[in-house]
Amino acid sequence: PHTYHVTATYSGGDSPASNSVSVNIVDNYDIPFAESFDSADLSLNFWSGDIDRYKWKILTFPFPQGLSGYGATYQNDPYAGVPSYSDVLISKPLDATTLTQVYLAYALKFTAADISNQNDKLSIEVFDGTNWVLVKEYLPNIMNYGYTSELIDISDKIAGKLFQVRFHAQGTNQADV
């Protein structure tokens, strides 16, 4: 973190320093960007969005093919009295300004308590500098199974640009999406 304070200079000298503020600054935008989620603090690697509402969390998972480690998980609270939800997890900006081919890879386990409820979904999106663009959408009736790995060519959406990735859980009062 970087620490800053403010002082004023005037003809009689300098004012006392203000209270210090510590600020984390994104250190780079390099890709490939591989997130290990090895800290429970989502803001450590500059993830943003709805991380302060405790719906996006870091947990230890047994991943497919015998791999293990940490992963981001989303859990909505159907008993919170909220009729619908829309919560996001957004990456730091990533730099594809010199690239012509860009791929997004992730492992996913999508489960829903009510597979008939087509209002609940998880959308994977990229920000192209102007708009959030849909990359892939997961609905409960077709994705209620164990882990799957994805490798998606997103070159046509963000090659040559700074971009961000967004995981967007949305729908009605669903228990675990």
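- Between Ser20 and Thr3, the shortest heavy-atom distance links the atoms CB-CG2, 3.6 Å.
- Within the 4.5 Å cutoff, no side-chain heavy atoms of Phe127 are placed close to those of Ile90.
- Contacts classified as side-chain hydrogen bond (donor to acceptor under 3.5 Å, both in side chains) and involving residues 125-136 (residues at least two apart or in different chains) are given here: Glu125-Arg166, Lys136-Glu150.
- Closest approach of Gln164 to Pro93, counting heavy atoms only: CG-CA, 3.6 Å.
- If you take CZ on Phe167 and OG on Ser123, they are separated by 11.5 Å, rounding to the nearest 0.5 Å.
- Under the side chain to side chain donor-acceptor pair (under 3.5 Å) criterion, Ser155 pairs with Asp153, not counting sequence neighbours.
- Residues satisfying the side chain to side chain donor-acceptor pair (under 3.5 Å) test with Asp14, not counting sequence neighbours, are Thr9.
- Taking the side chain as every heavy atom from C-beta outward, Ile124 and Leu122 approach each other to under 4.5 Å.
- With sequence neighbours left out, the side chain to side chain contact (heavy atoms under 4.5 Å, CB included) criterion links Thr100 to no other residue.
- Scanning all heavy atoms of the two residues, the minimum distance from Val102 to Ala96 falls at CG2-CB, 3.8 Å.
- Here Leu151 sits in one hydrophobic cluster together with Tyr103; the rule is ILVMFWY side chains under 4.5 Å apart, joined directly or through other members.
- Note: the hydrophobic cluster containing Leu134 does not contain Ile154 (ILVMFWY, side chain heavy atoms under 4.5 Å, direct or indirect links).
- Counting only heavy atoms from C-beta outward, the side chains of Leu104 and Phe163 never approach each other to under 4.5 Å.
- Residues passing the side chain to side chain donor-acceptor pair (under 3.5 Å) test with Thr97, sequence neighbours excluded: Asp95.
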